[in-house]
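Down below is the structure, laid out as structure tokens.
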Amino acid sequence: MTNSLVSTRPVELRRRAALTPDAVARANRDLATATPAEVIQWACDRFWPRLVMTASFADTTLIDIATGVHADIEVIFLDTGFHFAETLNTVRLAMERYQLNLTVLRPDPAAPDLWAEGTTACCAARKVDPLDRYLATNADAWLSGVRRADHPSRADAPIVSIDRRGLVKVNPIAAMTDAEHEAHIVEHDVLVNALQLDGYASIGCWPCTEPSTDGRSGRWAGSGKSECGLHL
Ligand code: SF4
């Protein structure tokens, strides 16, 4: 496990993307009916070893599929300092099961928190900036577990895109429905964060997550916020 202490200084990164807009459009056509494993293989073929994957550890569906394609794929966990014990335990169990090539990114100890400066600044300092900083020097492309079924704001999530950093972003399970997701978990005995059994449909940091039965409604509940900024 690698620990990275990361400054809170914002990263201004916009690089020349590794794919042209035409290539992105072609990839989305070609991969429209591909399986998640086929999408990950496509990404590995083009971007390895400068390819990483983020994981929230609400479950290990994407990890399960991706490590089946490439056992050494680098998995990034953003340790905000505010995770539930159940989430940290899921990380531990995943390390045991998959022998993950795990990189843990942590904010500066002096990073602002939600009580001092609000949730926007807290997410920026504890999630977005650490990931931006790491991706700036370590990746040309990244995989995320975003699914269109997560939330209406994600309903049009593409399989392949160029993100605001200029990096290629790949969402291998974007098209996976809730039913398909649950079926994969059962069929492959995928690790599931114990909080899901306590009614947490989506799991983030403990100060900002409430039990919910529908998608991401328990995240920053009542605030109008539905994203931390990683996927914007
Ligand atoms: S989800 Fe909440 S506690 Fe976690 S980084 Fe964002 S504002 Fe801070």
Side-chain angles (χ1 to χ4, degrees), residues 1-13 52-63 75-92 94 102-136 138-139 142-147 149-154 157 163-165 167 169 171 192-196 198-232:
M1 184 183 298
T2 303
N3 293 325
S4 288
L5 191 63
V6 183
S7 161
T8 59
R9 183 170 53 84
V11 174
E12 290 297 330
L13 167 70
V52 301
M53 177 171 76
T54 56
S56 68
F57 291 90
D59 62 69
T60 58
T61 299
L62 184 58
I63 288 173
V75 178
I76 293 177
F77 176 58
L78 298 168
D79 185 356
T80 62
F82 292 121
H83 281 296
F84 289 97
E86 289 86 346
T87 300
L88 300 178
N89 193 47
T90 308
V91 176
R92 183 183 66 79
L102 185 71
T103 295
V104 180
L105 302 182
R106 295 193 171 95
D108 188 289
D113 62 39
L114 71 167
W115 294 285
E117 297 198 22
T119 58
T120 299
C122 185
C123 281
R126 295 172 181 276
K127 292 185 175 182
V128 180
D129 287 351
L131 184 63
D132 283 0
R133 193 170 300 281
Y134 191 78
L135 292 178
N138 292 281
W142 61 297
L143 309 177
S144 95
V146 163
R147 290 189 304 120
D150 287 338
H151 189 268
S153 64
R154 296 182 174 183
D163 74 4
R164 61 178 170 74
R165 308 168 186 86
L167 299 180
K169 183 182 179 192
N171 299 318
V192 174
N193 189 315
L195 286 173
Q196 294 213 31
D198 287 336
Y200 289 76
S202 179
I203 302 165
C205 298
W206 64 262
C208 304
T209 306
E210 295 179 1
S212 69
T213 54
D214 59 329
R216 293 172 62 82
S217 64
R219 305 288 294 278
W220 306 281
S223 71
K225 177 180 168 86
S226 65
E227 296 284 351
C228 59
L230 293 178
H231 302 292
L232 298 178

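Whatever order the structure lists them in is the order used to number ligands and atoms, beginning at 1. These values consider heavy atoms only, across backbone and side chains, with no hydrogens, waters or symmetry-generated copies. Nothing here was measured: the structure is a model prediction, and the numbers come from that model. The residues of the chain are indexed from 1 along the displayed sequence.
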* Report yes or no: does C228 have an N/O/S atom closer than 2.8 Å to atom 4 (Fe) of ligand 1? => no
* What distance separates T209 OG1 from F82 CZ, expressed to the nearest 0.5 Å? -> 12.0 Å
Taking every non-hydrogen atom, the tightest pair across [X] and [Y]:
X	Y	answer
D79	P107	O-CD, 3.2 Å
A111	R126	O-NH2, 2.9 Å
A55	V75	CB-CG1, 3.8 Å

* To do: Could you name the option among T120, T119, L78, V128 that has the heavy atom nearest to atom 7 (S) of ligand 1?
  => T119
Report the nearest protein non-hydrogen atom to [atom]: residue, atom name, distance rounded to 0.1 Å.
atom	value
atom 4 (Fe) of ligand 1	C205 SG, 2.3 Å
atom 6 (Fe) of ligand 1	C123 SG, 2.3 Å
atom 8 (Fe) of ligand 1	C122 SG, 2.3 Å

* Considering only heavy atoms of C208, which atoms of ligand 1 have at least one such atom less than 4.0 Å away? -> 1 (S), 2 (Fe), 3 (S), 7 (S)
* What do you reckon, are the aromatic ring centroids of F77 and H83 less than 6.0 Å apart? -> yes
* Asked: Is any NZ, NE, NH1 or NH2 atom of the basic residue among R219 and E210 found under 4.0 Å from an Asp or Glu carboxylate oxygen of the other?
  -> no
* Please verify whether a non-hydrogen atom of W220 lies at under 4.0 Å from ligand 1. => yes
